Amino acid sequence: MADYESLHRQCRTLESLFDTKLTSYSRLASTITRNQDDIEAGSRERWKDVEGEIEDLLEKLRETNDELLALSNNPDTPPSQSMSRAIQRHGEVYQDYAKELRRTKTNVQHALDKVNLLSGVRNDIEAYKSSAADSLLAERGRIDSSHSMTDQIIDQAYETRAEFSRQSMSLASINTRMTGVISTIPGINNLLSMIKSRRRRDSVILGILIGGCLLLLISYMSR
C-alpha cells in the first residue's frame, strides 16, 4: 500500500506541475502574435526550454502511470475498488494532458509561422523601400548631372556668341579704319580704278587670243 500511496502522491504532484507549466506555455501563442520583437530578441530559446520542461514532466507522468498500472495488475497485491478508480483516473488525466500538449504545440507553431511570415513580408517591404530610395537617389544624381552638363553647354554657347560679337566688332573696326586710310591717301582710288581697268583689258585680250586659237584649231581640223 505504501508503494501505491507514494506513486499516487507523485502523480498528483506531476499533474499539478504539468498543468501550471502547460498554462504558461499556452499563453505563448498570444504573446508571440502580440510581441514580435520578443522573438527577434532571442526569446524563442526560452520558449523551447519551457516546452522541453513540459515534455519531461509528461514523460515522468507516463512512467508513474505505468508503475501504477503494473501495481494494479499484480495478483499478489490486488488494488481496492477506490484504488482502481484512482489509477484509471490518473491514466485518463495523462491522456488528456498529452492531447492538450500536442494541441498547444501546434498552436504555438502556427503562431511562430505567422510571425515569421509577417516578419519576412516586413523585411521585403523594407528592402523594397531601401531599393526604391536608392534608385530615386541615383536618378536624382543623374538628373543633377544632366542639369550641370546643360548649364555648361549654355555657358559655352553664351561665351561663343560673345566671342562672335567681339570678332564682328573687330572686323567692323578694321573695315572702318581701312576705309579711312584709303580716303586719306591721295590718288589711291584712281590707282585702284586703273588696276581694275587693266585686269578687264587683260581679260579681253586673253579672251580674243583663246578665241583665235580655237578658230585656227577648228579650221585645221576641218581640212
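The structure displayed is predicted, hence computed values, not measured ones.
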Main chain of L69, side chain of S72: is a donor-acceptor contact present, judged purely on distance under 3.5 Å? yes

Drop me the distance from H90's NE2 to L14's CG, to the nearest 0.5 angstrom. 10.0 Å

Please tell me if the side chains of E100 and D96 come closer than 4.5 Å, counting only heavy atoms from C-beta onward. no

Can you list the steps and then say if V204 with R200 is a side chain to side chain contact (heavy atoms under 4.5 Å, CB included)? CA-CA 6 Å; V204 172; R200 285 196 296 271; 5.6 Å; no

What's the separation between atom CD1 in I54 and atom CG in L17, rounded to the nearest 0.5 Å? 11.0 Å

Apply side chain to side chain contact (heavy atoms under 4.5 Å, CB included) to the pair E55 and E51, showing each step before the final yes or no. CA-CA 6 Å; E55 291 176 343; E51 184 179 294; 3.9 Å; yes

Do D19 side-chain atoms and E15 backbone N/O form a donor-acceptor pair below 3.5 Å? no

Output the distance between atom OG (S26) and atom CG (L101), rounded to the nearest 0.5 Å. 9.0 Å

Dump the intermediate steps for side chain to side chain contact (heavy atoms under 4.5 Å, CB included) on R198 and R201, then the final yes or no. CA-CA 5 Å; R198 187 172 181 177; R201 185 191 64 187; 3.6 Å; yes

Quick check on the hydrophobic clustering: are I218 and I210 connected, directly or via other members, by side-chain heavy-atom contacts under 4.5 Å? no

For the side chain of S16 and the backbone of R12, is there at least one donor-acceptor N/O pair under 3.5 Å apart? no

Which heavy atom of K21 sits nearest to which heavy atom of L57, and what is that distance? CG-CD1, 3.8 Å

Would you tabulate the side-chain donor-acceptor contacts of residues 58-66 under 3.5 Å, counting partners in other chains and residues two or more places apart, or write 'none'?
| unit_1 | atom_1 | unit_2 | atom_2 | d |
| --- | --- | --- | --- | --- |
| E59 | OE1 | R62 | NE | 3.4 |
| E59 | OE2 | R62 | NE | 3.3 |
| E59 | OE2 | R62 | NH2 | 2.5 |
| R62 | NH1 | D66 | OD2 | 2.7 |
| T64 | OG1 | K60 | O | 2.9 |
| N65 | OD1 | G91 | N | 3.2 |
| N65 | ND2 | L61 | O | 2.8 |

Would you name the heavy atoms of H8 and L68 that are closest together and state the gap between them? N-CD2, 4.3 Å

Nearest heavy atoms of L71 and D3, plus distance in Å: CD2-C, 4.4 Å

Rounded to the nearest 0.5 Å, what separates atom CG in D56 from atom CZ in F18? 11.0 Å

Can you tell me how far SG of C11 sits from OH of Y4, rounded to the nearest 0.5 angstrom? 9.0 Å

Nearest 0.5 Å please: distance from the OG1 atom of T104 over to the OH atom of Y97. 12.0 Å

Using 4.0 Å as the upper bound for N to carboxylate O, is an ion pair formed by R85 and E92? no

